[in-house]
Peer 1: 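Quick one: structure below, then a few questions.
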Amino acid sequence: MEQFIYLDNSATTPVKPQVLEAMLPYLQEEYGNPSSIYKKAAATESAVAKSRMQVAAALGAEPAEIFFTACGTEADNWAIKGAAYANRKKGTHLITSQIEHHAVLHTMEYLEKQGFSVTYLPVDGQGRVNPQDLENAIREDTILISVMMANNEIGTIEPIHELAEIAAKHKILFHTDAVQAIGSVPVDVKELGVDMLSLSAHKFGGPKGVGALYIKKGTKIDIFMHGGAQERGRRGGTENVAGIVGLGTAITLATQNLEEKMQRITALREKLIEGILARIPDARLNGHRTERLPGNVNFCFRYIEGEALLLRLDAKGVAASSGSACTSGSLDPSHVLLALGLPHEIAHGSLRLSIGEQNTETDIEHVLAVLPEIVQTLRAMSPLYPGC
Ligand SMILES: *Cc1c(COP(=O)(O)O)cnc(C)c1O
């Protein structure tokens with residue numbers, strides 16, 4: 001049988017069987033519109049309510065603080081545009097980091113065109129925002145700060161608690177994109193001290209096309225999707241009931257036995273990192289050595305192109321990615337690697353292997369068996385390689 005090893009869990013994850021099972025009735029017999037008043041609709045209405053409780057419980061929030069969206073991108077857009085416009089009379093300055101997902105970065109760039117000004121905080125060589133830089137960037141007219149909890153390319157975990165504390169001290173709203181963090185590391189909105197938090201089901205064993213935004217009670221934020229009275233009048237549109245049920249089930253499963261799962265996946269990550277460093281010369285690990293997502297491995301191999309590497313890995317049955325799924329396919333170097341201070345020619349040649357719950361030690365051993373030879377072959381073909 002042909003090998004297939006999926007190591008792109010930061011791009012998306014397979015739907016867990018229990019999640020699919022929970023969703024199926026809402027794609028078949030339970031088709032009532034949750035807003036209708038007859039008995040048939042009560043089942044879907046209570047399914048949505050149950051999922052809201054599951055998401056709230058997983059995050060340490062109240063159910064009334066959870067709003068379902070169509071994806072993580074929508075949650076980011078809503079948090080940032082919604083808070084920017086609702087608080088525009090207080091000021092028009094926003095702060096974010098240089099390594100955010102495009103769902104945040106492109107939203108910020110759009111707002112700059114609408115008359116807001118944005119400060120993009122730098123990161124250190126490991127991808128961490130320095131809290132002192134945030135403190136220094138705050139102005140009289142700052143109304144919103146958005147910094148991601150964990151980076152999707154290099155896996156670095158940001159000091160959100162400290163950053164949110166600074167925001168609270170200055171009475172500025174704080175949003176975090178926690179799409180990569182949920183199900184990988186503990187996430188508690190009260191402990192973090194954030195006002196808004198985005199998540200997306202397909203990154204932790206749920207279906208694509210459904211996400212949620214946590215909005216702390218009392219947070220001033222505009223409506224993003226105008227329409228019916230769904231989501232307490234704040235996000236119109238008939239609910240994606242099956243998707244929402246999938247999200248609730250997936251977040252419950254993903255946050256169960258988290259410590260044990262983190263230990264197991266971290267051990268696989270360390271085996272992969274140590275194995276690559278021992279077998280491949282001129283390999284550079286990107287991201288923080290310890291403050292990183294348990295499943296994230298990101299390397300640059302000097303003198304070779306990321307794309308060529310991915311194709312050859314694919315031929316050996318390994319699905320991986322170069323940085324982010326959204327930028328592979330474009331030839332631009334990763335904005336995240338550039339922010340770390342890497343030169344352009346190196347920022348082109350990155351490989352991200354993201355380990356998920358389904359991966360085993362055998363998967364890691366397979367990668368360690370095929371990767372060194374692929375790198376060596378590509379280097380031998382490269383005009384930049386000093387050996388040729
Ligand atoms: C995947 C991802 C998103 C976008 O989520 P979608 O549900 O795919 O729109 C946003 N932020 C981060 C950090 C991500 O990894």
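Whatever order the structure lists ligands and atoms in, that order sets their numbers, starting from 1.
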Peer 1: Do R128 and N130 pair up side chain to side chain, a donor and an acceptor below 3.5 Å, judged on atom types alone?
Peer 2: no
Peer 1: I need the single residue from E74, Q230, H226 that forms a side-chain hydrogen bond (donor to acceptor under 3.5 Å, both in side chains) with R235. Which is it?
Peer 2: E74
Peer 1: For V179, counting its heavy atoms only, list the atoms of ligand 1 lying under 4.0 Å from any of them.
Peer 2: 1 (C), 2 (C), 3 (C), 10 (C), 11 (N), 12 (C), 14 (C), 15 (O)
Peer 1: What orientation do W78 and F224 show, parallel under 30°, tilted 30 to 60°, or perpendicular over 60°?
Peer 2: parallel
Peer 1: Looking only at the side chains, is there a donor atom on one of S146 and E100 sitting less than 3.5 Å from an acceptor on the other?
Peer 2: no
Peer 1: Counting only heavy atoms, which portion of S200 has something under 4.0 Å from ligand 1: side chain, backbone, both, or neither?
Peer 2: side chain
Peer 1: F301 and F299: aromatic ring centres closer than 6.0 Å?
Peer 2: yes
Peer 1: Have a look at ligand 1 and work out which part of D76, if any, has a heavy atom under 4.0 Å from it: side chain, backbone, both or neither.
Peer 2: side chain
Peer 1: With a cut-off of 4.0 Å, which atoms of ligand 1 are near a heavy atom of K203?
Peer 2: 1 (C), 2 (C), 3 (C), 14 (C), 15 (O)
Peer 1: Can you sort out which atoms of ligand 1 are near N152, meaning under 4.0 Å from one of its heavy atoms?
Peer 2: 13 (C), 15 (O)
Peer 1: Does ligand 1 have a heavy atom under 4.0 Å from the side chain of E74, from its backbone, from both, or from neither?
Peer 2: neither
Peer 1: Checking a contact table here: which protein heavy atom is nearest atom 11 (N) of ligand 1, and how many Å away?
Peer 2: D177 OD2, 2.6 Å
Peer 1: Can you tell me which residue and heavy atom of the protein come closest to atom 6 (P) of ligand 1, and the distance to 0.1 Å?
Peer 2: G72 N, 3.5 Å
Peer 1: Can you name the one residue among N87, L111, T142 that meets side-chain contact (heavy atoms from CB on, under 4.5 Å) with L94?
Peer 2: L111
Peer 1: Is ligand 1 under 4.0 Å from a heavy atom in the side chain of T73, in the backbone, in both, or in neither?
Peer 2: both
Peer 1: Please step through salt bridge (Lys or Arg N to Asp or Glu O under 4.0 Å) for the pair E357 and K261, ending with a clear verdict.
Peer 2: CA-CA 7 Å; E357 287 183 44; K261 187 171 80 178; 2.9 Å; yes
Peer 1: Got more than 12 heavy atoms from elsewhere within 6.0 Å of NZ, K208?
Peer 2: yes
Peer 1: For ligand 1, which atoms, with element, lie under 4.0 Å from some heavy atom of H202?
Peer 2: 6 (P), 7 (O), 8 (O)
Peer 1: Side chain or backbone of K208 under 4.0 Å from ligand 1, or both, or neither, by non-hydrogen atoms?
Peer 2: neither
